[in-house]
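Every number for a ligand or one of its atoms is a count from 1 in the order of the listing.
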Amino acid sequence: MSKNVVQLSKLLSLVLRHQPGYIGIQLDENGWTPVHELIAAINTIGTPINLATLENVVHTNNKQRFAFNEDQTLIRASQGHSVNVSLNLEPEVPTAELYHGTAQQFVASILQNGLMKRSRNHVHLSADTNTAVQVGSRRGKPVVLIIDSAAMHANGYTFFLSENGVWLTDHVPREYVRLA
Ligand code: HQG
């Protein structure tokens, strides 16, 4: 992603996941906002953007963080929200193991208390260890935790798979977490 696209992606993450009020837009209950309203609102804060630029940010995004609806009148973030939205995802059966990337300083607390969603709507898990390393590197020395998702699923815990391939669940109790 170019520098410009990265900056726009960060702005979209902010307003489509956390603070729509920052540019004066609203998200509906499923996280969608009208594309023309988003474009107008971003221009209003002095950041020039048109439909072609927005499409470029969405389609070249390294994690496919944002998605249009079918007729491209609406846009939303595919996961990562802290505002209260329902993504309307169907429960999915996870692969036997999933991974969570975190930083060394959080490990003791996670092994003690399990994985908490903190400010977001879900705990985020990945299907591969490389992604987990990248996620963990954002906060310090990365540590990969293995989640026994097969046992969790067998015991009635629900998992969702976001449109961009992130596994989501509510809480991972400590007995399902171990160091890689
Ligand atoms: C940690 C990025 C202490 C948890 C990524 C994490 C992801 C605990 C932090 C997405 C804990 C929360 C989400 C406990 C959890 N004690 N620390 N009991 N339970 N934690 O950012 O998973 O680039 O809300 O390990 O790629 O890091 O934004 O979650 O370090 O997919 O698209 O609390 O954000 O995607 O941090 O990242 P976050 P996350 P984007």
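- Taking CG of L89 as the reference point, atom CG of N30 lies at 10.0 Å (rounded to 0.5 Å).
- For ligand 1, the atoms lying closer than 4.0 Å to a non-hydrogen atom of L115 are 15 (C), 19 (N).
- When heavy-atom distances to ligand 1 are checked against a 4.0 Å cut-off, Q134 has no atom that comes that close, whether in backbone or side chain.
- At least one heavy atom of R138 lies less than 4.0 angstrom from ligand 1.
- Using a 4.0 Å cut-off between charged side-chain N and carboxylate O, E163 and R65 make no salt bridge.
- Residue-level proximity to ligand 1 for M116 is carried by backbone and side chain together, each with a heavy atom below 4.0 angstrom.
- For the residues Q79, H124, H100, R174, the heavy atom positioned nearest atom 13 (C) of ligand 1 is part of H124.
- Closest to atom 20 (N) of ligand 1, if we only count protein heavy atoms, is I110 CD1, 3.9 Å.
- Of the protein's heavy atoms, S109 OG, 2.6 Å lies nearest to atom 16 (N) of ligand 1.
- Not a single heavy atom of K117 sits less than 4.0 Å from an atom of ligand 1.
- In this structure, CG in L11 is found 10.5 Å from CD in Q19, a value given to the nearest 0.5 Å.
- Contacts between R17 and ligand 1 below 4.0 angstrom, taking non-hydrogen atoms only, involve the side chain exclusively.
- Distance OG1/T169 to CG/L98: 9.0 Å, rounded to 0.5 Å.
- Taking only non-hydrogen atoms, the option from R118, R120, H122, K10 nearest to atom 33 (O) of ligand 1 is R118.
- Here K117 pairs with D170 in a salt bridge; the nearest charged N to carboxylate O distance falls below 4.0 Å.
- Environment of CG in N84: sparse, with no more than 12 heavy atoms of neighbouring residues, nucleotides or ligands closer than 6.0 Å.
- A donor-acceptor contact shorter than 3.5 Å is absent between the side chain of E29 and the backbone of V85.
- Each of the atoms 4 (C), 25 (O), 30 (O) of ligand 1 lies under 4.0 Å from some heavy atom of T102.
- Ranked by closest heavy atom to atom 9 (C) of ligand 1, the top entry among R65, Q64, Q105, R139 is R139.
- Ranking the protein heavy atoms by distance from atom 18 (N) of ligand 1 puts G114 O, 2.9 Å first.
- Scanning the protein for heavy atoms near atom 26 (O) of ligand 1, the closest one is K63 NZ, 2.5 Å.
- Not close to ligand 1: G136, with no non-hydrogen atom less than 4.0 angstrom away.
- The side-chain contact (heavy atoms from CB on, under 4.5 Å) test with Y99 is passed by exactly one of N130, V144, T131: V144.
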Intermediate values then yes/no, side chain to side chain contact (heavy atoms under 4.5 Å, CB included), L51 and I39: CA-CA 7 Å; L51 183 58; I39 289 172; 4.1 Å; yes

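- Applying the under-4.5 Å side-chain rule to Ile, Leu, Val, Met, Phe, Trp and Tyr, the cluster around L74 extends to W32.
- Neither the backbone nor the side chain of Q112 comes within contact range of ligand 1; no heavy atom lies under 4.0 Å.
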